[in-house]
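This report concerns only the one structure given below.
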Amino acid sequence: EAAVTQSPRNKVTVTGGNVTLSCRQTNSHNYMYWYRQDTGHGLRLIHYSYGAGNLQIGDVPDGYKATRTTQEDFFLLLELASPSQTSLYFCASRDGSINNQAPLFGEGTRLSVL
Amino acid sequence: GDSVTQTEGQVALSEEDFLTIHCNYSASGYPALFWYVQYPGEGPQFLFRASRDKEKGSSRGFEATYDKGTTSFHLRKASVQESDSAVYYCALGTGGYKVVFGSGTRLLVSP
């Protein structure tokens, strides 16, 4: 069954802390995405990738890095976390060879930066 | 750039009421249009899509018709249930990497 798995599900850190959010997909999809979700803003794209070693900048990339180590694994890095990065983060994947396929989402990671 | 507008931030209904959630888009050509549903504590789940003018998408009693003339893809359901309470997102894809989401509409259905 197609799946996108995120870890951890919840994370608390302090301002200036270093955080890594993990995402693994078992769908053989080439595209992977990181979104943040905030009340009133919906889902905003942070970074995306179309394959291992590839990284593309999304719409709200400031303060975030990402790395795609394999076809399956995509990581979001916050090296100096700030309270403005407190949010709900979603990873998604899709098959870019299928025109306009809808992305498949994980369950989310809730991050609090104190 | 491409965008999706959902005008209602929240909709409150009673069971068996008729539902309409409005979605308008701005994009060139013929984008694919999607509806997602998100329940508390879960990620957005794909409901259905449409990719050409006058095409109807449907799932779980929900439906929407692609209207290029009014650039709309309004979500409708004839009779809502309490279990339909969730956040609904309209989104579009333009054939490249990007899928653009609206700001979401929270549906509250009371028994």
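Note on naming: letters A, B, ... go to the chains in the order of the sequence lines (proteins, then strands), and numbering restarts at 1 for each one.
At a heavy-atom cut-off of under 4.5 Å, chain B is reached by D59(A) from residues 58-84 of chain A, listed in order of number.
Side-chain contact between L92(B) and F73(B) is absent, with no heavy-atom pair separated by less than 4.5 Å. Using a 4.5 Å heavy-atom threshold, the side chains of L107(B) and V87(B) count as separate. By the 4.5 Å heavy-atom criterion applied to side chains, L19(B) and F62(B) are counted as neighbours.
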Take V99(B) and Y48(A), measure what side chain to side chain contact (heavy atoms under 4.5 Å, CB included) needs, and give me the verdict at the end. CA-CA 11 Å; V99(B) 177; Y48(A) 70 101; over 6 Å; no
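Of the atoms belonging to L43(A), heavy atoms from both backbone and side chain fall under 4.5 Å from chain B. Heavy atoms closer than 4.5 Å to chain B are found nowhere in Q56(A), neither backbone nor side chain. The part of Q38(B) that comes within reach of chain A is its side chain, from C-beta onward, which places non-hydrogen atoms under 4.5 angstrom from that chain. Using a 4.5 Å cut-off between heavy atoms, R44(A) makes no contact with chain B at all.
F34(B) is not connected to Y66(B) by any chain of hydrophobic side-chain contacts under 4.5 Å among Ile, Leu, Val, Met, Phe, Trp and Tyr, and they are in different clusters.
In terms of heavy-atom proximity, E15(B) sits nearest to E82(B) at OE2-N, 3.0 Å.
Using a 30° and 60° split on the angle between ring planes, Y35(A) and F105(A) fall in the tilted class, from 30° to 60°.
The side chain to side chain contact (heavy atoms under 4.5 Å, CB included) test with S72(B) singles out one residue from T5(B), T65(B), N24(B), and that residue is N24(B).
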